[in-house]
Student: 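My questions will all concern the structure given below.
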Amino acid sequence: MTFYLLPPIGALLLSALCGFIFIPIILNYCKEKHLYDIPNRRKVHKNPIPRLGGISFLPSMLIAFFMAIYMMAQQSGSRLLQVNVWSIGFLTSLLMIYSLGVVDDIIGLRPRTKFIVQIIAACILPLCGLYINNLYGLFGIHDIPYWAGAPLTILLIVFIDNAMNLIDGIDGLSANLSVVALAGFFYCFTREGLYIYGTLIMGLIGVLIPFLYYNMFGDPAKNRKIFMGDSGSLTLGFILGFLFIKYSMNNPKVMPFSADRIILAYSLLIIPTFDVVRVVLHRLRNHKPIFLADKSHIHHKLMRAGLTQHQALAVIIMLALLMIAINMLIYSFIGITATLITDIVIYTVFHIALTRLIIKHMTSQIMEGQRK
(Lines give C-alpha, C1' and ligand atoms only; values in the text may rest on other atoms or scores of the structure.)
Protein backbone atom coordinates (compact mmCIF):
# COMPACT_ATOMS: atom_id res chain seq x y z
CA MET A 1 0.00 0.00 0.00
CA THR A 2 2.75 2.45 0.96
CA PHE A 3 4.63 1.74 -2.29
CA TYR A 4 1.54 2.50 -4.39
CA LEU A 5 0.86 5.76 -2.53
CA LEU A 6 4.33 7.15 -3.21
CA PRO A 7 3.68 8.03 -6.91
CA PRO A 8 0.48 9.99 -6.09
CA ILE A 9 2.29 11.88 -3.33
CA GLY A 10 5.21 12.54 -5.66
CA ALA A 11 2.82 13.75 -8.38
CA LEU A 12 1.14 16.10 -5.89
CA LEU A 13 4.43 17.67 -4.79
CA LEU A 14 5.96 17.93 -8.27
CA SER A 15 2.80 19.42 -9.75
CA ALA A 16 2.59 21.98 -6.94
CA LEU A 17 6.22 22.92 -7.58
CA CYS A 18 5.51 23.33 -11.30
CA GLY A 19 2.54 25.54 -10.47
CA PHE A 20 4.60 27.82 -8.25
CA ILE A 21 7.11 28.13 -11.11
CA PHE A 22 4.64 28.54 -14.01
CA ILE A 23 2.04 30.89 -12.50
CA PRO A 24 4.42 33.83 -11.78
CA ILE A 25 5.72 33.48 -15.35
CA ILE A 26 2.14 33.60 -16.65
CA LEU A 27 1.40 36.65 -14.48
CA ASN A 28 4.37 38.52 -15.91
CA TYR A 29 3.39 37.53 -19.45
CA CYS A 30 -0.18 38.75 -18.94
CA LYS A 31 1.12 42.07 -17.63
CA GLU A 32 3.45 42.46 -20.61
CA LYS A 33 0.72 41.61 -23.16
CA HIS A 34 -2.13 43.33 -21.24
CA LEU A 35 -4.18 40.14 -21.04
CA TYR A 36 -6.73 40.88 -18.33
CA ASP A 37 -10.24 39.91 -17.32
CA ILE A 38 -11.94 43.33 -17.41
CA PRO A 39 -14.67 43.97 -14.78
CA ASN A 40 -18.27 44.48 -15.94
CA ARG A 41 -21.74 44.55 -14.39
CA ARG A 42 -22.06 40.76 -14.07
CA LYS A 43 -18.60 40.15 -12.60
CA VAL A 44 -17.66 40.37 -8.95
CA HIS A 45 -14.09 41.67 -9.18
CA LYS A 46 -13.41 45.41 -9.46
CA ASN A 47 -9.89 45.45 -10.92
CA PRO A 48 -8.45 44.01 -14.16
CA ILE A 49 -7.01 40.57 -13.30
CA PRO A 50 -4.90 38.21 -15.46
CA ARG A 51 -7.04 35.24 -16.48
CA LEU A 52 -4.60 32.70 -17.89
CA GLY A 53 -3.94 30.74 -14.69
CA GLY A 54 -5.50 27.62 -16.19
CA ILE A 55 -2.68 27.41 -18.73
CA SER A 56 -0.51 25.99 -15.93
CA PHE A 57 -2.95 23.16 -15.12
CA LEU A 58 -2.40 20.62 -17.89
CA PRO A 59 1.42 20.93 -18.25
CA SER A 60 1.94 20.69 -14.47
CA MET A 61 -0.40 17.73 -14.15
CA LEU A 62 1.10 15.80 -17.06
CA ILE A 63 4.72 16.46 -16.06
CA ALA A 64 3.99 15.18 -12.56
CA PHE A 65 1.89 12.26 -13.82
CA PHE A 66 4.38 10.93 -16.36
CA MET A 67 7.31 11.40 -13.98
CA ALA A 68 5.46 9.48 -11.25
CA ILE A 69 4.46 6.69 -13.65
CA TYR A 70 8.04 6.43 -14.92
CA MET A 71 9.31 6.08 -11.35
CA MET A 72 6.61 3.49 -10.64
CA ALA A 73 7.73 1.46 -13.68
CA GLN A 74 11.40 1.70 -12.64
CA GLN A 75 10.70 0.56 -9.09
CA SER A 76 8.55 -2.36 -10.24
CA GLY A 77 11.27 -3.52 -12.63
CA SER A 78 9.15 -2.96 -15.73
CA ARG A 79 10.32 -0.58 -18.44
CA LEU A 80 7.13 -0.85 -20.46
CA LEU A 81 4.02 1.24 -19.95
CA GLN A 82 0.73 -0.07 -21.33
CA VAL A 83 -1.29 2.46 -23.31
CA ASN A 84 -4.93 1.65 -24.09
CA VAL A 85 -6.92 3.05 -26.99
CA TRP A 86 -9.18 5.01 -24.65
CA SER A 87 -6.09 6.50 -22.94
CA ILE A 88 -4.99 7.97 -26.28
CA GLY A 89 -8.55 9.11 -26.88
CA PHE A 90 -8.71 10.76 -23.46
CA LEU A 91 -5.43 12.64 -23.96
CA THR A 92 -6.50 13.73 -27.46
CA SER A 93 -9.85 15.05 -26.29
CA LEU A 94 -8.27 16.68 -23.22
CA LEU A 95 -5.77 18.53 -25.44
CA MET A 96 -8.67 19.71 -27.60
CA ILE A 97 -10.51 21.12 -24.57
CA TYR A 98 -7.37 22.69 -23.14
CA SER A 99 -6.51 24.32 -26.47
CA LEU A 100 -10.09 25.53 -26.80
CA GLY A 101 -9.86 27.22 -23.41
CA VAL A 102 -6.49 28.82 -24.14
CA VAL A 103 -7.66 30.26 -27.47
CA ASP A 104 -10.87 31.52 -25.88
CA ASP A 105 -8.96 33.22 -23.04
CA ILE A 106 -6.57 34.97 -25.43
CA ILE A 107 -8.70 35.99 -28.42
CA GLY A 108 -12.26 34.93 -27.51
CA LEU A 109 -14.53 32.43 -29.24
CA ARG A 110 -18.24 32.31 -30.01
CA PRO A 111 -20.28 30.09 -27.63
CA ARG A 112 -21.41 27.99 -30.61
CA THR A 113 -17.80 27.25 -31.60
CA LYS A 114 -16.89 26.26 -28.05
CA PHE A 115 -19.96 24.02 -27.80
CA ILE A 116 -19.16 22.21 -31.06
CA VAL A 117 -15.55 21.52 -30.00
CA GLN A 118 -16.76 20.22 -26.62
CA ILE A 119 -19.14 17.80 -28.34
CA ILE A 120 -16.42 16.55 -30.71
CA ALA A 121 -14.02 16.03 -27.80
CA ALA A 122 -16.70 14.21 -25.79
CA CYS A 123 -17.51 11.94 -28.76
CA ILE A 124 -13.98 10.54 -28.75
CA LEU A 125 -14.44 8.69 -25.44
CA PRO A 126 -17.45 6.50 -26.45
CA LEU A 127 -15.74 5.80 -29.77
CA CYS A 128 -12.82 4.41 -27.73
CA GLY A 129 -15.14 2.21 -25.66
CA LEU A 130 -15.63 4.41 -22.60
CA TYR A 131 -19.31 5.09 -21.93
CA ILE A 132 -22.09 4.79 -19.35
CA ASN A 133 -23.45 1.25 -19.64
CA ASN A 134 -25.34 0.89 -16.36
CA LEU A 135 -27.53 3.25 -14.30
CA TYR A 136 -27.54 0.87 -11.30
CA GLY A 137 -31.30 1.14 -10.74
CA LEU A 138 -31.81 4.89 -11.27
CA PHE A 139 -35.52 5.20 -12.18
CA GLY A 140 -35.52 1.40 -12.41
CA ILE A 141 -32.91 1.31 -15.19
CA HIS A 142 -29.89 -0.98 -15.02
CA ASP A 143 -27.95 -2.17 -18.11
CA ILE A 144 -28.19 0.15 -21.10
CA PRO A 145 -26.97 -0.55 -24.66
CA TYR A 146 -24.23 1.33 -26.45
CA TRP A 147 -26.66 3.23 -28.69
CA ALA A 148 -28.20 4.80 -25.57
CA GLY A 149 -25.09 4.96 -23.38
CA ALA A 150 -22.87 6.72 -25.92
CA PRO A 151 -25.08 9.83 -26.41
CA LEU A 152 -25.76 9.90 -22.65
CA THR A 153 -22.01 9.92 -22.04
CA ILE A 154 -21.48 12.78 -24.50
CA LEU A 155 -24.30 14.75 -22.87
CA LEU A 156 -22.92 14.21 -19.35
CA ILE A 157 -19.35 15.17 -20.25
CA VAL A 158 -20.43 18.38 -22.00
CA PHE A 159 -22.83 19.13 -19.14
CA ILE A 160 -20.21 18.65 -16.39
CA ASP A 161 -17.61 20.57 -18.40
CA ASN A 162 -19.90 23.59 -18.76
CA ALA A 163 -21.08 23.32 -15.14
CA MET A 164 -17.53 23.79 -13.85
CA ASN A 165 -17.01 26.63 -16.32
CA LEU A 166 -20.20 28.48 -15.37
CA ILE A 167 -19.76 28.23 -11.60
CA ASP A 168 -16.32 29.84 -11.81
CA GLY A 169 -17.58 33.22 -10.62
CA ILE A 170 -15.80 34.07 -7.36
CA ASP A 171 -12.30 33.53 -6.01
CA GLY A 172 -11.49 29.89 -5.38
CA LEU A 173 -14.96 28.47 -6.04
CA SER A 174 -14.40 26.28 -9.10
CA ALA A 175 -10.94 25.23 -7.87
CA ASN A 176 -12.12 24.32 -4.36
CA LEU A 177 -15.14 22.41 -5.64
CA SER A 178 -12.74 20.59 -7.98
CA VAL A 179 -10.43 19.74 -5.08
CA VAL A 180 -13.40 18.27 -3.16
CA ALA A 181 -14.48 16.22 -6.18
CA LEU A 182 -10.93 15.15 -7.06
CA ALA A 183 -10.22 14.07 -3.48
CA GLY A 184 -13.40 12.01 -3.60
CA PHE A 185 -12.42 10.39 -6.89
CA PHE A 186 -8.95 9.73 -5.47
CA TYR A 187 -10.60 7.71 -2.71
CA CYS A 188 -12.90 5.99 -5.22
CA PHE A 189 -10.15 4.80 -7.54
CA THR A 190 -7.53 3.92 -4.94
CA ARG A 191 -9.99 1.80 -2.96
CA GLU A 192 -10.40 -0.21 -6.16
CA GLY A 193 -6.62 -0.53 -6.46
CA LEU A 194 -6.41 1.79 -9.50
CA TYR A 195 -3.47 3.86 -8.29
CA ILE A 196 -2.62 5.15 -11.75
CA TYR A 197 -5.83 7.22 -11.65
CA GLY A 198 -4.94 8.32 -8.15
CA THR A 199 -1.62 9.58 -9.52
CA LEU A 200 -3.33 11.51 -12.31
CA ILE A 201 -5.79 13.04 -9.82
CA MET A 202 -3.10 14.07 -7.35
CA GLY A 203 -1.14 15.65 -10.18
CA LEU A 204 -4.12 17.91 -10.85
CA ILE A 205 -4.76 18.67 -7.17
CA GLY A 206 -1.09 19.64 -6.85
CA VAL A 207 -1.27 22.52 -9.33
CA LEU A 208 -4.51 23.76 -7.78
CA ILE A 209 -2.62 24.50 -4.54
CA PRO A 210 -0.44 27.31 -5.98
CA PHE A 211 -3.35 28.50 -8.10
CA LEU A 212 -5.57 28.89 -5.02
CA TYR A 213 -2.75 30.74 -3.26
CA TYR A 214 -2.49 33.33 -6.02
CA ASN A 215 -6.22 33.39 -6.79
CA MET A 216 -7.52 33.84 -3.24
CA PHE A 217 -4.69 35.67 -1.49
CA GLY A 218 -2.69 37.34 -4.28
CA ASP A 219 -2.39 41.13 -4.37
CA PRO A 220 -3.66 42.66 -7.66
CA ALA A 221 -1.57 45.77 -7.03
CA LYS A 222 1.57 43.63 -7.11
CA ASN A 223 0.44 41.60 -10.13
CA ARG A 224 0.11 38.48 -7.99
CA LYS A 225 -3.58 37.68 -8.39
CA ILE A 226 -4.84 35.45 -11.21
CA PHE A 227 -8.00 33.77 -12.50
CA MET A 228 -8.05 30.33 -14.10
CA GLY A 229 -10.04 31.40 -17.17
CA ASP A 230 -11.71 28.96 -19.54
CA SER A 231 -8.43 27.10 -20.06
CA GLY A 232 -8.63 26.11 -16.40
CA SER A 233 -12.35 25.62 -15.80
CA LEU A 234 -12.94 23.68 -19.03
CA THR A 235 -9.91 21.47 -18.35
CA LEU A 236 -11.10 20.77 -14.80
CA GLY A 237 -14.63 20.10 -15.98
CA PHE A 238 -13.57 17.71 -18.72
CA ILE A 239 -11.30 15.71 -16.41
CA LEU A 240 -14.05 15.49 -13.79
CA GLY A 241 -16.48 14.36 -16.48
CA PHE A 242 -14.02 11.71 -17.62
CA LEU A 243 -13.49 10.49 -14.04
CA PHE A 244 -17.26 10.36 -13.52
CA ILE A 245 -17.76 8.21 -16.63
CA LYS A 246 -14.77 5.98 -15.93
CA TYR A 247 -15.80 5.26 -12.35
CA SER A 248 -19.50 4.83 -13.20
CA MET A 249 -18.94 2.44 -16.11
CA ASN A 250 -19.54 -1.19 -15.23
CA ASN A 251 -16.41 -3.00 -16.39
CA PRO A 252 -15.70 -6.19 -14.38
CA LYS A 253 -12.25 -6.48 -16.00
CA VAL A 254 -11.23 -3.22 -14.29
CA MET A 255 -13.44 -2.96 -11.20
CA PRO A 256 -15.85 -5.44 -9.59
CA PHE A 257 -19.53 -4.58 -9.89
CA SER A 258 -20.71 -2.19 -7.18
CA ALA A 259 -24.10 -0.48 -7.22
CA ASP A 260 -22.90 2.41 -5.07
CA ARG A 261 -20.32 3.66 -7.60
CA ILE A 262 -22.60 5.97 -9.57
CA ILE A 263 -24.16 7.57 -6.48
CA LEU A 264 -20.73 8.27 -5.03
CA ALA A 265 -19.46 9.76 -8.29
CA TYR A 266 -22.62 11.82 -8.77
CA SER A 267 -22.53 13.13 -5.19
CA LEU A 268 -19.11 14.68 -5.78
CA LEU A 269 -20.51 16.94 -8.51
CA ILE A 270 -23.88 17.94 -7.04
CA ILE A 271 -23.26 21.65 -6.46
CA PRO A 272 -21.98 22.69 -9.92
CA THR A 273 -24.45 20.47 -11.81
CA PHE A 274 -27.49 21.38 -9.71
CA ASP A 275 -26.56 25.06 -9.96
CA VAL A 276 -26.57 24.95 -13.77
CA VAL A 277 -29.97 23.22 -13.85
CA ARG A 278 -31.45 25.75 -11.40
CA VAL A 279 -30.04 28.73 -13.33
CA VAL A 280 -31.40 27.41 -16.65
CA LEU A 281 -34.86 26.83 -15.13
CA HIS A 282 -34.74 30.31 -13.60
CA ARG A 283 -33.95 31.88 -16.97
CA LEU A 284 -36.66 29.88 -18.74
CA ARG A 285 -39.22 30.92 -16.13
CA ASN A 286 -38.26 34.55 -16.65
CA HIS A 287 -38.29 34.16 -20.47
CA LYS A 288 -34.57 34.91 -20.80
CA PRO A 289 -32.06 33.18 -23.12
CA ILE A 290 -30.57 30.21 -21.26
CA PHE A 291 -27.04 31.14 -22.37
CA LEU A 292 -27.36 34.77 -21.25
CA ALA A 293 -24.82 35.50 -18.51
CA ASP A 294 -26.32 37.00 -15.36
CA LYS A 295 -25.97 37.02 -11.57
CA SER A 296 -28.33 34.16 -10.73
CA HIS A 297 -25.75 31.55 -9.68
CA ILE A 298 -25.54 30.31 -6.11
CA HIS A 299 -22.52 32.46 -5.24
CA HIS A 300 -24.25 35.59 -6.53
CA LYS A 301 -27.28 34.87 -4.33
CA LEU A 302 -25.13 34.33 -1.26
CA MET A 303 -23.37 37.64 -1.83
CA ARG A 304 -26.72 39.41 -2.28
CA ALA A 305 -27.60 37.99 1.14
CA GLY A 306 -24.71 39.98 2.57
CA LEU A 307 -21.83 37.50 2.49
CA THR A 308 -18.33 38.30 1.28
CA GLN A 309 -16.67 36.24 -1.47
CA HIS A 310 -14.78 34.08 1.02
CA GLN A 311 -17.86 33.61 3.21
CA ALA A 312 -19.92 32.57 0.19
CA LEU A 313 -17.15 30.17 -0.80
CA ALA A 314 -17.11 28.60 2.68
CA VAL A 315 -20.91 28.12 2.66
CA ILE A 316 -20.87 26.46 -0.78
CA ILE A 317 -18.02 24.10 0.12
CA MET A 318 -19.75 23.14 3.39
CA LEU A 319 -22.98 22.53 1.47
CA ALA A 320 -21.12 20.31 -1.01
CA LEU A 321 -19.54 18.27 1.80
CA LEU A 322 -22.87 18.04 3.65
CA MET A 323 -24.71 16.68 0.62
CA ILE A 324 -21.96 14.12 -0.03
CA ALA A 325 -22.22 12.97 3.60
CA ILE A 326 -26.02 12.81 3.47
CA ASN A 327 -25.97 10.71 0.29
CA MET A 328 -23.46 8.27 1.76
CA LEU A 329 -25.64 7.86 4.86
CA ILE A 330 -29.05 7.44 3.20
CA TYR A 331 -28.26 5.66 -0.07
CA SER A 332 -28.10 2.14 1.36
CA PHE A 333 -31.51 2.63 3.01
CA ILE A 334 -33.57 4.35 0.31
CA GLY A 335 -31.79 3.60 -2.99
CA ILE A 336 -30.43 5.80 -5.76
CA THR A 337 -33.70 7.27 -7.11
CA ALA A 338 -34.98 8.35 -3.68
CA THR A 339 -31.52 9.76 -2.89
CA LEU A 340 -31.63 11.92 -6.02
CA ILE A 341 -35.11 13.17 -5.10
CA THR A 342 -33.90 13.94 -1.56
CA ASP A 343 -30.99 15.94 -2.97
CA ILE A 344 -33.37 17.98 -5.14
CA VAL A 345 -35.59 18.70 -2.13
CA ILE A 346 -32.63 19.74 0.05
CA TYR A 347 -31.20 21.99 -2.66
CA THR A 348 -34.61 23.56 -3.32
CA VAL A 349 -35.23 24.24 0.38
CA PHE A 350 -31.75 25.76 0.67
CA HIS A 351 -32.49 28.22 -2.15
CA ILE A 352 -35.92 29.09 -0.77
CA ALA A 353 -34.31 29.92 2.57
CA LEU A 354 -31.55 31.84 0.78
CA THR A 355 -34.09 33.91 -1.17
CA ARG A 356 -35.79 34.88 2.09
CA LEU A 357 -32.42 35.91 3.53
CA ILE A 358 -31.79 38.08 0.47
CA ILE A 359 -35.17 39.81 0.87
CA LYS A 360 -34.49 40.35 4.58
CA HIS A 361 -31.01 41.74 3.87
CA MET A 362 -32.23 44.07 1.11
CA THR A 363 -35.10 45.29 3.31
CA SER A 364 -32.71 46.07 6.16
CA GLN A 365 -30.44 47.97 3.76
CA ILE A 366 -33.37 50.04 2.47
CA MET A 367 -34.50 50.86 6.00
CA GLU A 368 -30.96 51.79 7.00
CA GLY A 369 -30.67 54.04 3.95
CA GLN A 370 -33.94 55.77 4.83
CA ARG A 371 -32.73 56.43 8.39
CA LYS A 372 -29.60 58.11 6.99
Side-chain angles (χ1 to χ4, degrees), residues 5 7-27 30 37 45 49-68 94 97-98 101-102 105 160-161 163-190 197-218 224-244 268-269 271-272 299 309-310 312-314 316-318 320-321 324:
L5 287 178
I9 294 172
L12 174 75
L13 297 175
L14 181 57
S15 180
L17 176 62
C18 289
F20 277 114
I21 294 172
F22 292 155
I23 291 177
I25 295 173
I26 294 171
L27 281 165
C30 289
D37 189 358
H45 63 285
I49 306 293
R51 61 180 182 184
L52 298 182
I55 289 180
S56 66
F57 289 5
L58 189 60
S60 299
M61 181 189 73
L62 291 180
I63 288 171
F65 175 72
F66 287 121
M67 183 63 70
L94 180 58
I97 294 296
Y98 175 74
V102 173
D105 286 336
I160 294 170
D161 198 17
M164 296 307 301
N165 178 243
L166 293 173
I167 206 168
D168 182 31
I170 60 175
D171 290 350
L173 181 54
S174 185
N176 274 294
L177 285 173
S178 295
V179 170
V180 170
L182 289 167
F185 280 120
F186 177 79
Y187 165 76
C188 292
F189 283 104
T190 54
Y197 293 97
T199 304
L200 178 71
I201 291 167
M202 294 303 277
L204 185 53
I205 292 177
V207 73
L208 291 177
I209 295 172
F211 169 77
L212 284 168
Y213 170 77
Y214 286 103
N215 177 241
M216 296 181 65
F217 307 109
R224 281 300 175 264
K225 185 176 180 67
I226 197 166
F227 295 155
M228 68 170 63
D230 281 5
S231 58
S233 59
L234 290 177
T235 298
L236 288 173
F238 188 83
I239 292 174
L240 288 171
F242 160 76
L243 293 173
F244 174 86
L268 298 172
L269 300 170
I271 297 301
H299 47 278
Q309 283 198 54
H310 286 190
L313 170 64
I316 295 171
I317 297 303
M318 286 190 290
L321 294 173
I324 293 170

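Side chains are part of it too, since the values below use all heavy atoms of this structure and drop only hydrogens, waters and symmetry mates.
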Student: I need the F217 CZ to N215 CG distance, nearest 0.5 Å.
Tutor: 9.5 Å
Student: Is a side-chain donor or acceptor of D230 paired with a backbone partner of D105 at a separation under 3.5 angstrom?
Tutor: no
Student: Using every non-hydrogen atom in the two residues, find where S233 and M228 come nearest and quote the distance to one decimal.
Tutor: N-SD, 3.4 Å
Student: Report the distance from atom OG1 of T235 to atom CG of L58, rounding to the nearest 0.5 Å.
Tutor: 6.0 Å
Student: Within the distance-only criterion (no hydrogens, no angle test), does the side chain of S15 pair as donor or acceptor with the backbone N or O of L204 below 3.5 angstrom?
Tutor: no
Student: Does some side-chain heavy atom of H299 sit less than 4.5 Å from a side-chain heavy atom of L313?
Tutor: no
Student: Looking at Y213, I want to see if its OH is surrounded by more than 12 non-hydrogen atoms of other residues, nucleotides or ligands under 6.0 Å.
Tutor: no
Student: Taking the side chain as every heavy atom from C-beta outward, state whether F22 and I55 have any pair of such atoms under 4.5 Å apart.
Tutor: no
Student: Work out which heavy atom in L94 is nearest to a heavy atom in M61; give both atom names and the distance.
Tutor: CD2-CE, 4.0 Å
Student: Look up atom CG in L17 and atom CD1 in I63, then write down how far apart they are to the nearest 0.5 Å.
Tutor: 10.0 Å
Student: With a 4.5 Å cut-off on side-chain heavy atoms, are I324 and V180 touching?
Tutor: yes
Student: In Å, rounded to the nearest 0.5 Å, how long is the span from CD1 of I201 to CG of L182?
Tutor: 6.5 Å
Student: At what distance, to the nearest 0.5 angstrom, does CG of L177 lie from CG of L236?
Tutor: 10.5 Å
Student: Exactly one of L208, I226, I26 should register a side chain to side chain contact (heavy atoms under 4.5 Å, CB included) with S56. Which one does?
Tutor: I26
Student: Looking at side-chain heavy atoms only, is the closest gap between L243 and I239 below 4.5 Å?
Tutor: yes
Student: With a 6.0 Å cut-off on the ring centroids, do F238 and Y98 count as close?
Tutor: no
Student: With side chain to side chain contact (heavy atoms under 4.5 Å, CB included) as the test, pick out the partner of I170 among D168, L173, I167.
Tutor: L173
Student: Of all the heavy-atom pairs spanning K225 and D171, show the shortest one and how long it is.
Tutor: NZ-OD2, 2.6 Å
Student: What are the two closest heavy atoms between G19 and P24, and how far apart are they?
Tutor: O-CD, 4.1 Å
Student: Taking the inter-plane angle between the rings of F189 and Y197 on a 0 to 90° scale, is it parallel (under 30°), tilted (30 to 60°) or perpendicular (over 60°)?
Tutor: parallel
Student: Starting at CZ of F185, measure out to CD1 of I205 and round the result to the nearest 0.5 Å.
Tutor: 11.5 Å
Student: Which heavy atom in M164 sits nearest to a heavy atom in G237, and how many Å separate them?
Tutor: CG-CA, 3.6 Å
